[in-house]
Amino acid sequence: MLRLLRLLLLLLLLPPPGSPEPPGLTPLSPGAPPQAPDLLYADGLRAYAAGAWAPAVALLREALRSQAALGRARQDCGARCAAEPGAALPAVLLDAPGPDSGPGPARGAWERLLLRAALRRAECLTQCGAQRLGPGGAARLRVGSALRDAFRRREPYNYLQRAYYQLKKLDLAAAAAHTFFVANPTHLQMREDMAKYRRMSRVQPQSFRDLETPPHWAAYDDGLELLGRQEAGLALPRLEEALQESLAQMESCRAGCEGPEEQQREEEEEEGAGSQGGLYETIAGHWIRVLQCRQRCVGDTATRPGRSFPVPDFLPSQLRRLHEAHAQVGNLSQAMENVLSVLLFYPEDEAAKKALNEYQAQLEEPRPGLGPREDIQRFILRSLGEKRQLYYAMEHLGASFKDPDPWTPAAVIPEALREKLREDQEERPWDHEPPQPKPLTHWKDVLLLEGVTLTQDARQLNGSERVVLDGLLTPAECGVLLQLAKDAAEAGARSGYRGRRSPHTPHERFEGLTVLKAAQLAQAGAVGSQGAKLLLEVSERVRTLTQAYFSPERPLHLSFTHLVCRSAIEGEQDQRMDLSHPVHADNCVLDPDTGECWREPPAYTYRDYSGLLYLNDDFHGGDLFFTEPNALTVTAQVRPRCGRLVAFSSGGENPHGVWGVTRGRRCALALWHTWAPEHREQEWTEAKELLKEPEEEKEEEEEEMPSKDHSPEPPSRRLPRVQDKAGKPPRLREEL
């Protein structure tokens, strides 16, 4: 009955059909305390599944607002109660204990001080929570870890975009889709939905806005853009806003560390491991978890939505830009204040010390009251105090802690831990180098058995982990695969971009065929089974050779296989300046300005080796080339020909691109390999099953009983983890 009343109330609050909706999400029930986000979300999904689009929108929007209001209330109550007289912890109890610590308060006195402050703080938080959130306060609105993760991934917007689409509110649908996609750049279904919205004439470009952009990122990006245009005066307010909002975001994150959800997570962990210890062990364990969570807030704030890694040195880098911008407009006092703040993080920073000397010389007279920013001083002092306690817990209680900050002074870290922590901090996920190729004798036999010749090795290609092999296909086999691509295109079975203009250049058309689609077409009689079977056989042949050459002691698995053709569009090649495929790396995001390659989404981080097996050479252009990390200096170039394989490691050591195809049609088999078995290409196995002869199927009919789930799931009538008819996640159509 309660849920029915809630649903009716939200229906009454909806705007009438056809009425304009304001941008963003305005409160539906101003002044009212937030409701339970988990119940609202569950009811919204039920309405969505039933096709009740208007109630689904209302419930999902209210769930988002309630979740946000809950976070704001906790932050406000935490700040208010921290300043409450008698609720602050005694300063003598806040530092980590050490061997030189004095006797401190008399025996038992510290217990009274600690427990009295804790009781006063709890009383204040309970009263504040009841005032802001209604009876029961935050405990009544406790949200489970699964729902917290769903909101963090912005899953409500996945459903909202579909519901808005059904309600003919296309601008809001595009905004919801964009909001979800920003945080989930590898989500396949949303990628397709976004492309559809962009093709709709009624959807304006400004509709693609992020409804959940954190304020500090919006201000930060604006400030950087203005600095790039040499407009330091206009950039300064936005850069200052970015810093203040970054600090505010950390405070919001830290407030969540003391919420009931963090306690629930601790209870779940203890339930699995078995809780041990008495009163003081339990108090210490909970406090350590709160401190660990608070320290993680630094990295959370510095991580853009949809990214896996934080921006390095986020706060110091903002201070550097602030002092430089202030100096450009002549605000030397503010420039000194910010550069002194940088020196709090890095006292030996030569660039900061040099800038400080220049500012002091330009001021001509000393400014005795000038010092670092107070907000940065408070941040650093508090952070160092927490780090001391965590390092003490690491050394004496076996706790774990990964320091998010490279600026932590060595004196804070116990000497027994320094070397180990230095190694852990310097290590990055992309630091693990793939094994080097073995000597010729380890793979020469494989090449001879396959009738393959080594044409160019890494030294001849002016790089590392690169090779060109010839003879993988006969001219007849190239002809069979070319015919397969042609027949599939004529059957209207183009995957990926469905034969439209290439996503990388308007001067070419792009066609792609996966192994599973080829098998399905062969089963339907649209293409010859010989070509589909050869596609499978050749992909395994390439995998075997790639493993033999690069990774003989560690198995490689096919991750994705794609038969790709690029065709020059006649009449659109005059004075063409672009590439068929811009310079990129296959498992990391290449930054040509710095030469860095970030192994994080939207790159396919699980790829370890890449390969291109060419089918023809009767076209102009289309050569593969490798570059330096700056994406400008070409180090090697390879001309396609039938049966030629170019294989290389997928990381930042092998940036590559494709020159434009200016005449004819260039076809190749693009393959990616992985060491991770969980990323093995499932479509390859399914295609092999489809292409089995009837006799083979009969032999295995009694051994296996396939189980497939054909139930529809949202969005687009599917759950966020999109599945195809075979119950398997679809593969993104990729190409080199």
Side-chain angles (χ1 to χ4, degrees), residues 214-254 294-295 297-304 310-387 403-409 411-412 593-594:
H216 66 288
W217 283 119
Y220 181 77
D221 290 338
D222 287 349
L224 292 188
E225 183 179 353
L226 290 166
L227 280 181
R229 300 205 301 257
Q230 306 299 316
E231 298 179 6
L234 297 176
L236 275 170
R238 297 297 281 159
L239 292 174
E240 182 64 36
E241 182 184 352
L243 181 61
Q244 294 302 320
E245 290 292 348
S246 297
L247 295 171
Q249 178 62 30
M250 288 187 199
E251 292 303 314
S252 176
C253 176
R254 290 169 61 88
R294 288 178 175 178
Q295 287 289 302
C297 289
V298 174
D300 292 346
T301 301
T303 303
R304 290 182 180 275
V311 173
D313 258 357
F314 190 45
L315 286 183
S317 67
Q318 293 188 62
L319 292 167
R320 290 187 182 98
R321 289 188 171 92
L322 275 168
H323 86 72
E324 291 167 358
H326 277 298
Q328 289 179 31
V329 299
N331 297 335
L332 295 182
S333 296
Q334 290 89 338
M336 282 190 63
E337 183 181 65
N338 283 282
V339 79
L340 286 168
S341 301
V342 173
L343 289 169
L344 288 180
F345 289 100
Y346 294 103
E348 301 304 320
D349 188 303
E350 292 298 331
K353 290 195 291 187
K354 180 180 178 181
L356 178 62
N357 292 333
E358 292 176 356
Y359 301 154
Q360 289 173 333
Q362 293 177 45
L363 280 173
E364 295 181 352
E365 58 183 27
R367 302 285 178 92
L370 204 58
R373 299 171 61 113
E374 291 185 4
D375 50 5
I376 297 300
Q377 293 184 65
R378 288 193 300 269
F379 170 82
I380 290 179
L381 288 173
R382 182 177 64 181
S383 181
L384 290 177
E386 293 172 352
K387 292 176 192 292
D403 197 329
D405 300 311
W407 54 264
T408 302
V412 174
D593 294 332
T594 64

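- Between the S252 side chain and the A248 main chain, no donor and acceptor come within less than 3.5 Å of each other.
- Taking both residues in full, the closest heavy atoms of P310 and G299 are given as CB-O, 3.6 Å, listed atom of the first, atom of the second, then distance.
- Taking a cutoff of 4.0 Å between a charged side-chain nitrogen and a carboxylate oxygen, R294 and D300 do not qualify as a salt bridge.
- Here the closest heavy-atom approach between residue A232 and residue A325 is recorded as CB-O, 4.0 Å.
- Distance check: L340 CG to I376 CD1 gives 12.5 Å after rounding to the nearest 0.5 Å.
- The two atoms that bring H323 and R320 nearest to each other are CD2-O, 3.3 Å, heavy atoms only.
- The six-membered or imidazole ring of W407 lies away from that of F314, with a centre-to-centre distance of 6.0 Å or more.
- Scored by the salt bridge (Lys or Arg N to Asp or Glu O under 4.0 Å) test, R238 finds D222, E241 as partners (sequence neighbours excluded).
- The two residues S341 and L319 come nearest to each other via the heavy atoms CB-CD1, 3.8 Å.
- Taking a cutoff of 4.0 Å between a charged side-chain nitrogen and a carboxylate oxygen, R382 and E251 qualify as a salt bridge.
- Considering only heavy atoms from C-beta on, D221 comes within 4.5 Å of R304 through its side chain.
- Residues H326 and Y359 fail the side-chain proximity criterion, which asks for heavy atoms closer than 4.5 Å.
- Salt bridge E350/K353: present, at least one basic N to carboxylate O contact under 4.0 Å.
- Every side-chain hydrogen bond (donor to acceptor under 3.5 Å, both in side chains) that D375 has, sequence neighbours left out, goes to Q244, R373.
- Contact annotation: the side chain of R321 never approaches that of N338 to less than 4.5 Å [non-hydrogen atoms, C-beta and beyond].
- Between D313 and P406, some side-chain heavy-atom pair lies under the 4.5 Å cut-off.
- Every residue two or more places apart in sequence or in another chain was checked for a side-chain hydrogen bond (donor to acceptor under 3.5 Å, both in side chains) with Q360, and none qualifies.
- We find the CD-CD distance between Q328 and E231 to be 11.5 Å, quoted to the nearest 0.5 Å.
- Taken to the nearest 0.5 Å, the OG1 atom of T408 stands 3.5 Å off from the CG atom of D403.
- Side-chain contact between L363 and M336: present, with at least one pair of heavy atoms (C-beta onward) separated by less than 4.5 Å.
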Query raised in the report: Stepwise, does the side-chain contact (heavy atoms from CB on, under 4.5 Å) test hold for H216 with M250?
Result: CA-CA 11 Å; H216 66 288; M250 288 187 199; over 6 Å; no
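- Smallest separation of non-hydrogen atoms from V342 and P316: CG2-O, 4.2 Å.
- Summarising the geometry, atom CG belonging to N331 is positioned 11.0 Å from atom CD belonging to E337; distances are rounded to the nearest 0.5 Å.
- Separation of atoms CG (L224) and OG (S317) is listed at 8.5 Å; rounding is to 0.5 Å.
- Closest approach of Q318 to L239, counting heavy atoms only: OE1-O, 4.4 Å.
- Using a 4.5 Å heavy-atom cutoff, the side chains of L315 and L243 are in contact.
- A donor-acceptor contact shorter than 3.5 Å links the side chain of D349 to the backbone of A352.
- Side-chain atoms of T301 and P214, non-hydrogen and from C-beta on, never get closer than 4.5 Å to each other.
- At least one side-chain heavy atom of P404 sits less than 4.5 Å from a side-chain heavy atom of K387.
- Between the OH atom of Y220 and the OG atom of S246 there is a distance of 9.0 Å, given to the nearest 0.5 Å.
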